[in-house]
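Here's the structure we're looking at; comments come further down.
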Amino acid sequence: MIESLSSLGITLINVGISAVFEYISLHVLFCLVPAFFLAGAIAALFSKESVLKFLGPDANKVVSYGVAAVSGVLLAVCSCTVLPLFTGIYKRGAGIGPATAFLFSAPAINVLAIVYSAQKLGLDIGFARAVCAIALSIVIGAIMALLYQKSMSEEKSKLKAAPFVVTPQDGGESGYRYRTPLTFLLLVAILVLGGWTLNWMIKGPALATLVLITVYTSYKWYTKDELKAWMNETWFLIKKIFPLLIAGVFFGAIIIYLIPVSFIEAFLGGNGILSVSVASVFAALMYFSTLTEVPIVGLLMAQGMGKGPALAMLLSGPALSLPSMLVILNIMGRKKGLTYIGLVILMAIICGMVFGAII
């Protein structure tokens, strides 16, 4: 008995370690690292006024929620990669409504995921995923704003930016007027290209070129104080987020390993409330790297899973994972974090039920 428990313990540790190594090798270098640098740039270099103009609590609601809901279209990010970006805009003063709308929508509506879902799972599921992701991001953001916007000032005091002194270069010169938007576009291009599945003969040189251009222009356009602020913010986000992601990947892999596949499959057939709920909760606990949710859902559908549970998995899975939950609770606080997590799971269930009934 003791030997069997010891053997199981060693197996579980190996499963967790293997998941961590796979996560790092497949994901961190080309997705999460650019995301941290992009988030650091947002927090240190972006004008707070520009963030407030589009995403602040007093911004035009149509504009702020519209921007937040569709801004992830070109970002091939998962539930973990989006966290530094969310933290960056959240710290710069974005309202909790638009910020959480972005947090939900960015992993769910990137163009690669939508097209891939339509190709592999059917046009109906691909279309439903796109529509529901945008709609739910706005609904979830609006509910979060209704419940918690009044406490934003208190929340921001817990997320103070790293202290720095910036000596800006002459913003009136044409050479520097568009430096921050251009830097943002370069970093986004690195993030997007890093997440695409391309031949390395094409992807490698293109990534190297973008990185070299970004490094050169950054040193040319920004002062030492500005670059220091950028690196300080990036390091602050890495220290705050990365350890929780690793812990979540480790323990999440163990939890998934302990759940019998036959048990999951038995509760995913049809489009009833039980199967849709199980699908939503199960997907929320799993970690899906970018696009991997599609083949997993396709495999389960081939084994009898209904289209309602499939849509629920495609909505809650990319938006949440055990690693991302740990970070969300740390960044937003327990009350707000649990509310957001619960809303994602609940809204995914509702969409899955409606879609299953229609289909």
Side-chain angles (χ1 to χ4, degrees), residues 5-40 43 77-88 90-91 99-100 103-104 106-108 155 158-159 162 191 194-195 232-260 264 280-290 292-293 296 313 316-345:
L5 290 175
S6 176
S7 176
L8 176 61
I10 293 173
T11 300
L12 294 178
I13 291 174
N14 288 333
V15 167
I17 293 175
S18 297
V20 169
F21 276 105
E22 182 182 7
Y23 175 80
I24 293 175
S25 61
L26 293 178
H27 196 68
V28 169
L29 185 58
F30 298 112
C31 289
L32 201 56
V33 169
F36 276 123
F37 277 97
L38 177 57
V77 297
C78 67
S79 59
C80 293
T81 307
V82 74
L83 292 171
L85 307 180
F86 162 75
T87 307
Y90 190 56
K91 287 176 62 180
T100 50
L103 178 62
F104 176 82
E155 185 70 19
K158 300 177 183 179
L159 286 170
L191 177 60
N232 284 344
E233 283 291 350
T234 301
W235 179 237
F236 170 79
L237 293 171
I238 291 173
K239 290 189 298 182
K240 191 174 187 67
I241 294 175
F242 190 68
L244 293 174
L245 292 180
I246 295 300
V249 169
F250 180 84
F251 290 107
I254 292 176
I255 292 173
I256 298 302
Y257 179 83
L258 290 174
I259 299 176
I264 297 298
S280 181
V281 174
F282 178 66
L285 292 174
M286 291 183 67
Y287 167 71
F288 294 113
S289 59
T290 306
T292 57
E293 74 277 7
I296 292 174
M313 289 192 75
S316 67
L320 291 174
S321 65
L322 184 58
S324 74
M325 289 182 192
L326 294 176
V327 176
I328 288 169
L329 293 173
N330 182 263
I331 296 297
M332 299 175 64
R334 183 176 300 177
K335 187 176 181 180
K336 295 181 181 68
L338 288 175
T339 302
Y340 172 77
I341 292 168
L343 283 172
V344 171
I345 294 174

Pairs under 3.5 angstrom only: tabulate donor-acceptor contacts from the side chains of residues 30-39 to other protein residues two or more places apart or in another chain.
none

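To the nearest 0.5 angstrom, Thr87 atom OG1 is 10.0 Å from Met332 atom CE. Rounded to the nearest 0.5 angstrom, Leu320 CG and Phe104 CZ are separated by 8.0 Å. One finds the CD1 atom of Ile331 at 11.5 Å from the CG atom of Leu326 (value rounded to the nearest 0.5 Å).
Here the closest heavy-atom approach between residue Ser324 and residue Ala319 is recorded as OG-O, 4.3 Å. In plain terms, the two heavy atoms of Gly40 and Glu233 that are nearest each other are O-CB, 3.7 Å. Across every non-hydrogen atom of Leu103 and Ile328, the tightest pair is CD2-CD1, 4.1 Å. The heavy-atom pair separating Ala284 from Ser316 by the smallest distance is N-OG, 3.9 Å.
With a 4.5 Å cut-off on side-chain heavy atoms, Lys336 and Tyr340 do not count as touching.
In this structure, Ser280 contributes its side chain and Ile345 its backbone to a donor-acceptor pair below 3.5 Å. Looking only at distances, a side-chain donor or acceptor of Ser18 sits under 3.5 Å from a matching main-chain atom of Asn14.
Here Thr339 pairs with Tyr148 under the side chain to side chain donor-acceptor pair (under 3.5 Å) rule; sequence neighbours left out.
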